[in-house]
Amino acid sequence: MPTQTQEIAAKLRSTITRLTRALRKQNVSSEFSNAEILTMSLLEQHGKLLSTELADMERVSKQAVSQIINRLFDAKCVARFPSEEDKRKVFIGLTELGEKHLIATRKIKEEWLVQTMEKIFSSEEINLIQAFLPLLSRLVEHHDAKT
């Protein structure tokens, strides 16, 4: 018989998965795939990275991340920066245009979330969600500290 924590964890995982899917569906007007947006987000978060580092972070093959980088490079959303110490290495960095696309994508998702929350939740329920956010953040921070 599952413990209360196991039951809560299963419901939390399922709910977060469904919410993530709903947010991804808001990306329909974007010219970029979710994988390309994730790549730009990682570059924004970590700065310039090697393609192998991106592949490891995204848990995809080096070939898959190379295709993503090439599409983003063609769209002028990322730039390549040769390493000063090792000319064989090339870092990938987010451009200003890439940053603008990320901001626009986030805005669309956040607007959908605001409209949906205001439509289905009372102000008390929104306050409960706000109170719960630090706990979710601790879960994420705990995972990030382990990786």
[X] side, atom [atom1]; [Y] side, atom [atom2] - distance, nearest 0.5 Å:
{"X": "S33", "Y": "Q67", "atom1": "OG", "atom2": "CD", "value": "11.0 Å"}
{"X": "S51", "Y": "K89", "atom1": "OG", "atom2": "NZ", "value": "11.0 Å"}
{"X": "S123", "Y": "M117", "atom1": "OG", "atom2": "CE", "value": "11.5 Å"}
{"X": "L102", "Y": "S41", "atom1": "CG", "atom2": "OG", "value": "4.5 Å"}
{"X": "I8", "Y": "R13", "atom1": "CD1", "atom2": "CZ", "value": "14.0 Å"}
{"X": "C77", "Y": "R71", "atom1": "SG", "atom2": "CZ", "value": "12.0 Å"}

Mind checking whether [X] and [Y] have side chains closer than 4.5 Å, heavy atoms only?
{"X": "K48", "Y": "I92", "value": "no"}
{"X": "E31", "Y": "H101", "value": "yes"}
{"X": "L43", "Y": "L54", "value": "yes"}
{"X": "E58", "Y": "L38", "value": "yes"}
{"X": "F32", "Y": "M40", "value": "yes"}

Quiz item: Is the shortest side-chain N to carboxylate O distance from E44 to R106 below 4.0 Å?
Solution: yes

If you group Ile, Leu, Val, Met, Phe, Trp and Tyr by side-chain heavy-atom gaps below 4.5 Å, do [X] and [Y] land in one group?
{"X": "L133", "Y": "L113", "answer": "no"}
{"X": "I129", "Y": "L136", "answer": "no"}
{"X": "L23", "Y": "L12", "answer": "no"}
{"X": "F132", "Y": "L128", "answer": "no"}
{"X": "F121", "Y": "V114", "answer": "no"}

Identify the heavy atoms of [X] and [Y] that sit nearest to each other, and give their distance.
{"X": "Q6", "Y": "T3", "value": "OE1-N, 2.7 Å"}
{"X": "E7", "Y": "P2", "value": "OE2-O, 3.7 Å"}
{"X": "A35", "Y": "I68", "value": "CB-CD1, 3.7 Å"}
{"X": "L97", "Y": "A75", "value": "CD2-O, 3.4 Å"}
{"X": "I69", "Y": "V78", "value": "O-CG2, 3.8 Å"}
{"X": "L42", "Y": "L49", "value": "O-CD1, 4.2 Å"}

Practice problem: Count the heavy atoms belonging to other residues, nucleotides or ligands that lie under 6.0 Å from NZ of K109, then report whether that count exceeds 12. | Solution: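 Result for NZ/K109: enclosed.
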
With a 3.5 Å distance limit and no angle check, can you tell me whether [X] reaches the backbone of [Y] through a side-chain donor-acceptor pair?
{"X": "E110", "Y": "K107", "result": "no"}
{"X": "S14", "Y": "A10", "result": "no"}
{"X": "E111", "Y": "I108", "result": "no"}
{"X": "Q26", "Y": "A22", "result": "yes"}
{"X": "E53", "Y": "L50", "result": "yes"}
{"X": "E99", "Y": "E96", "result": "no"}
{"X": "S83", "Y": "V90", "result": "no"}

Quiz item: Cation over ring, R80 on F91, under 6.0 Å and within 45°?
Solution: no

